[in-house]
Amino acid sequence: MPELPEVETVRRGLAPVLEGCRIARAVARRPDLRFPLPEGFGQRLTGRTVRRVGRRAKFLLIELDDGSTLISHLGMSGSFRIYTETPPELARHDHVILTTDQGVEIRYNDPRRFGFMVIAEADQLDNHPMLKDIGPEPLDSGFTPRVLARSLRGRKAPIKAALLDQSVVAGLGNIYVAEALFLAGISPKRKATTVAGARAEKLYRAIVDVLGRAIEAGGSSISDHRQTDGELGYFQYAFAVYGRAGQACPGCDCDIDKTGGIARIQQSGRSTFYCTKRQR
DNA sequence: CGGCAAACCTGCGAGC
DNA sequence: TGCTCGCAGGTTTGCC
């Protein structure tokens, strides 16, 4: 599921029911997700008060009153669901249950179990192995066209692959890379190092624009992503290229019979969608 | 070190 | 109806 906009949507859902609240009960219904859950998971969390729910790249950061932080990654299919009223029967793949002192129940469901939860001890967050090599947050002021161009310089890999690299810029995934490259008019096959100057400026604007609009839409619901109240995100209806192979490109009048339309290719084992005419 | 394919795991839709 | 195949929003690993 989740790239930056989906994780941010989840963060915004969790913050109001967790921040300032005490975790009355924490239950792991299996010993592991992608990795083993932290030793004594339930006891570690029970009785803790949540200071803040933050986000870094695609990681949720649930900061606790003892200084430690529960780091949660949704993998491909993870989702959080909040129940303020009586919750329904537990569902398949409901792996972790948190209950707050306000009687709110929060369930983490993850069919593919590519997600994980780990705990960073107090003062160990910034240099935590999972976070320390992550690049700038694209919606923070530290991310600029020059910063982007600088981290692309010297990279011979296609720009598509470079943008998926979390050390270049944080939080992009397969969907938003495709959409940003479309908006910027840049071919996913172009060598990353050639994206500089005006081209980097354009890509910078495309990234910031598409992420902002996707967050406003509550993220993209392809199959698993839900907002924490169960509502769908709806940015998938705004996709220009992702999942639209064979269709006409919305940005120019090319269509499949003539010069272009939206193509689907494989790059480093993953699908790439782009307009062959408009993206150079 | 850079770049790429494979691996992790489950579910779903398409095609036979 | 039921099987097999391919595909899926991410990240890590291991191999050239």
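Below, chain A is the first sequence line, B the second, and so on; all start at residue 1.
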Identify each atom pair where a protein N or O and an N or O of nucleotides 5-7 of chain C are less than 3.5 Å apart, giving names and distance.
residue: C:dC7; atom: O3'; partner: A:Arg264; partner atom: NH2; Å: 3.3

query: Passes side-chain contact (heavy atoms from CB on, under 4.5 Å), A:Thr272 versus A:Arg264? Steps please.
result: CA-CA 5 Å; A:Thr272 294; A:Arg264 169 189 175 152; over 6 Å; no
message: Show me the pairs that pass ring pair (Phe, Tyr, Trp, His ring centres under 6.0 Å) and involve residues 53-79 of chain A, at least two apart or across chains.
response: A:Phe59-A:His73, A:His73-A:Phe116
Taking only the [atom1] atom of each, what is the distance from [N] to [M] in whole angstrom?
N: B:dA5; M: C:dC7; atom1: P; answer: 14 Å
N: C:dC5; M: B:dA7; atom1: P; answer: 16 Å
N: B:dC12; M: C:dT11; atom1: C1'; answer: 23 Å
N: B:dC9; M: C:dG14; atom1: P; answer: 16 Å

Separation of atom [atom1] in [X] from atom [atom2] in [N], rounded to whole Å:
X: A:Ile222; N: B:dG11; atom1: CD1; atom2: C1'; value: 15 Å
X: A:Asp110; N: C:dG9; atom1: CG; atom2: P; value: 15 Å
X: A:Ile134; N: C:dG10; atom1: CD1; atom2: P; value: 13 Å
X: A:Phe59; N: C:dT11; atom1: CZ; atom2: C1'; value: 8 Å
X: A:Arg270; N: C:dA8; atom1: CZ; atom2: C1'; value: 9 Å
X: A:Met130; N: C:dG10; atom1: CE; atom2: P; value: 16 Å
X: A:Gln166; N: C:dG10; atom1: CD; atom2: C1'; value: 8 Å
X: A:Leu164; N: B:dG2; atom1: CG; atom2: C1'; value: 16 Å

Would a 4.5 Å heavy-atom cut-off, applied to side chains only, mark [X] and [Y] as touching?
X: A:Met117; Y: A:Leu70; value: yes
X: A:Ile134; Y: A:Arg56; value: yes
X: A:Pro88; Y: A:Arg107; value: yes
X: A:Val50; Y: A:Leu14; value: no
X: A:Ile97; Y: A:Glu105; value: yes

For [N] and [X] - does any side-chain N or O of the residue sit under 4.0 Å from the phosphate oxygens OP1/OP2?
X: A:His93; N: B:dG11; answer: yes
X: A:Tyr176; N: C:dG9; answer: no
X: A:His73; N: C:dT11; answer: yes

- prompt: Are the side chain of A:Asn109 and the backbone N or O of A:Ser79 linked by a donor-acceptor pair below 3.5 Å?
  reply: no
- prompt: Who are the side chain to side chain donor-acceptor pair (under 3.5 Å) partners of A:Arg155, not counting sequence neighbours?
  reply: A:Asp165
task: Measure the OH-CD distance between A:Tyr176 and A:Glu6 for me, rounded to the nearest 0.5 Å.
output: 3.5 Å
Gap between atom CZ of A:Arg34 and atom CZ of A:Arg113 - 0.5 Å precision: 12.0 Å
field: Contiguous pairing runs of three or more, Watson-Crick or G-U under 3.5 Å, that involve DNA chain B
entry: B:2-8 with C:10-16, B:10-16 with C:2-8
query: If the sugar-phosphate is the primed atoms plus P, OP1 and OP2 and the base is the rest, what is the B/S/- string for nucleotides 3-8 of chain B, using protein heavy atoms under 4.0 Å?
result: SSS--B
- prompt: Would A:Asp65 and A:Arg51 pass as an ion pair if we require N to O under 4.0 Å?
  reply: no
- prompt: When you look at OH of A:Tyr234, are more than 12 heavy atoms from neighbouring residues, nucleotides or ligands closer to it than 6.0 Å?
  reply: no
task: Could you tell me whether A:Arg213 sits above the aromatic face of A:Phe235, with NZ or CZ closer than 6.0 angstrom to the six-membered ring centre and within 45 degrees of the axis?
output: no
Over all atoms of both residues, closest heavy-atom pair of A:Ser187 and A:Ile159: O-CG2, 3.2 Å
Please enumerate all protein N or O atoms sitting under 3.5 Å from an N or O of nucleotides 13-16 of chain C, with distances to 0.1 Å.
none

